[in-house]
Amino acid sequence: MQPKQKKAIYCILNDEKSGDLIIKVSSTENILVGVDITIVKDDRKTVKENVKIDIPAGQSVKRRLRTPAQALHMMHMAWHILCCSNNPNVYEGEITIEISQGDEPVIINGSDMKWYLDSIPPCSVSVPEQFTGNLTFIVKEGRKKGFLQ
């Protein structure tokens, strides 16, 4: 059964934090995952960056985005996930996407970006489970130093 994205997801970034944006994708044991992540501008047509990630079964992989976090305001991140089981007796598993800015996790509003799947096909049938989703980046301005601060 494919997960359905029910509502808008927002990723809140802080313009005062330094550090690149890091995407971490994880899977549970026996589940192989491929993710195609696309960063698009607010017109939803212009591709700013594309990242492909292959996750070995039971592991996690991190990728650093080239686009600076402060430049992502109102841009969108779309993902297309393919997965299959390398063990025909295992058809359940979990896939997680985590985002951090530097060493700190970012705030994700609307979803925890974790999917539990209960009908993952074996890789031997060459028809992977697949699903998509997206989020919008919002860069939160930090407190500006004023006259009395």
Side-chain angles (χ1 to χ4, degrees), residues 1-140:
M1 182 170 101
Q2 293 180 358
K4 302 267 192 262
Q5 184 169 325
K6 296 180 175 114
K7 57 184 175 178
I9 301 173
Y10 297 96
C11 178
I12 311 300
L13 305 175
N14 187 330
D15 73 343
E16 292 184 334
K17 285 186 186 174
S18 61
D20 296 326
L21 214 61
I22 298 167
I23 310 294
K24 178 182 173 184
V25 183
S26 306
S27 72
T28 51
E29 189 175 347
N30 296 309
I31 307 303
L32 300 171
V33 179
V35 182
D36 185 7
I37 294 175
T38 305
I39 306 297
V40 295
K41 292 188 176 183
D42 60 355
D43 64 5
R44 293 195 181 253
K45 296 176 185 172
T46 307
V47 174
K48 178 78 173 163
E49 185 171 348
N50 189 263
V51 179
K52 294 186 185 301
I53 307 172
D54 292 323
I55 300 90
Q59 297 186 28
S60 60
V61 175
K62 292 180 181 179
R63 291 287 184 268
R64 186 178 316 275
L65 292 182
R66 292 185 319 267
T67 306
Q70 291 77 8
L72 289 168
H73 185 65
M74 297 309 293
M75 289 192 193
H76 308 280
M77 181 176 98
W79 55 85
H80 182 196
I81 296 177
L82 301 170
C83 61
C84 64
S85 174
N86 64 5
N87 180 340
N89 296 318
V90 174
Y91 53 89
E92 297 176 324
E94 192 171 87
I95 298 169
T96 306
I97 297 177
E98 298 172 79
I99 303 173
S100 59
Q101 187 176 359
D103 293 332
E104 296 182 35
V106 298
I107 297 169
I108 305 288
N109 289 339
S111 172
D112 61 3
M113 296 181 57
K114 184 182 290 191
W115 301 274
Y116 179 77
L117 306 167
D118 60 5
S119 60
I120 301 171
C123 298
S124 60
V125 299
S126 300
V127 182
E129 176 74 29
Q130 54 184 309
F131 60 96
T132 60
N134 64 79
L135 60 76
T136 302
F137 291 107
I138 296 176
V139 177
K140 181 179 82 171

Could you tell me which non-hydrogen atom of Asn86 sits nearest to which non-hydrogen atom of Ala57, and how far apart they are?
-> ND2-CB, 3.6 Å
Measuring from His80:NE2 to Asp36:CG, what's the distance to the nearest 0.5 Å?
-> 8.0 Å
With distance as the sole test, does His73 use its side chain to make a donor-acceptor pair with the main-chain N or O of Val139 at under 3.5 Å?
-> yes
Check step by step if side chain to side chain contact (heavy atoms under 4.5 Å, CB included) holds for Asp54 and Val61.
-> CA-CA 8 Å; Asp54 292 323; Val61 175; over 6 Å; no
Go through Ile99 and Leu135 one step at a time and tell me if the side chain to side chain contact (heavy atoms under 4.5 Å, CB included) criterion holds.
-> CA-CA 11 Å; Ile99 303 173; Leu135 60 76; 3.9 Å; yes
Might you point out which heavy atoms bring Val51 and Leu65 nearest each other, and give the distance in Å?
-> CG2-CD2, 3.9 Å
Any chance CD1 of Ile107 has more than 12 other-residue heavy atoms, nucleotides or ligands included, within less than 6.0 Å?
-> no
Output for pair (Ser85 OG, Glu129 CD), nearest 0.5 Å, gives 12.0 Å
Sequence neighbours left out, what passes disulfide (SG to SG under 2.5 Å) with Cys84? Give chain and number order.
-> Cys123
Quick one: closest heavy-atom pair of Leu117 and Phe131, and the distance?
-> CD1-CE2, 3.9 Å
dist Ile22:CD1 -> Ser100:OG (nearest 0.5 Å) comes out at 4.5 Å
Of all residues at least two apart in sequence or in a different chain, which pass the side chain to side chain contact (heavy atoms under 4.5 Å, CB included) check with Ala71?
-> Thr67, Pro68
Do Arg63 and Val35 come within less than 4.5 Å of each other through their side chains, counting heavy atoms only?
-> no
Are there more than 12 heavy atoms of other residues, nucleotides or ligands under 6.0 Å from atom CD of Glu92?
-> yes
What's the shortest heavy-atom distance between Ser27 and Ile55, and which atoms?
-> OG-CG2, 3.8 Å
Among Gln101, Met77, Gln70, find the one that has a side chain to side chain contact (heavy atoms under 4.5 Å, CB included) with Leu21.
-> Gln101
What pair of heavy atoms forms the shortest contact from Gly93 to Thr28, and how long is it?
-> CA-OG1, 3.3 Å
Mark yes when over 12 heavy atoms from residues, nucleotides or ligands other than Asp103 sit less than 6.0 Å from its CG; otherwise mark no.
-> no
Find the distance between CD1 (Ile39) and CD (Glu49) and round it off to the nearest 0.5 Å.
-> 6.0 Å
CH2-CD1 distance between Trp79 and Ile37, expressed to the nearest 0.5 angstrom = 8.5 Å
When rounded to the nearest 0.5 Å, the distance separating CG of Asn50 from CZ of Arg66 is 8.5 Å
Per the side chain to side chain contact (heavy atoms under 4.5 Å, CB included) rule, which among His76, Met74, Met75 passes with Leu72?
-> Met75
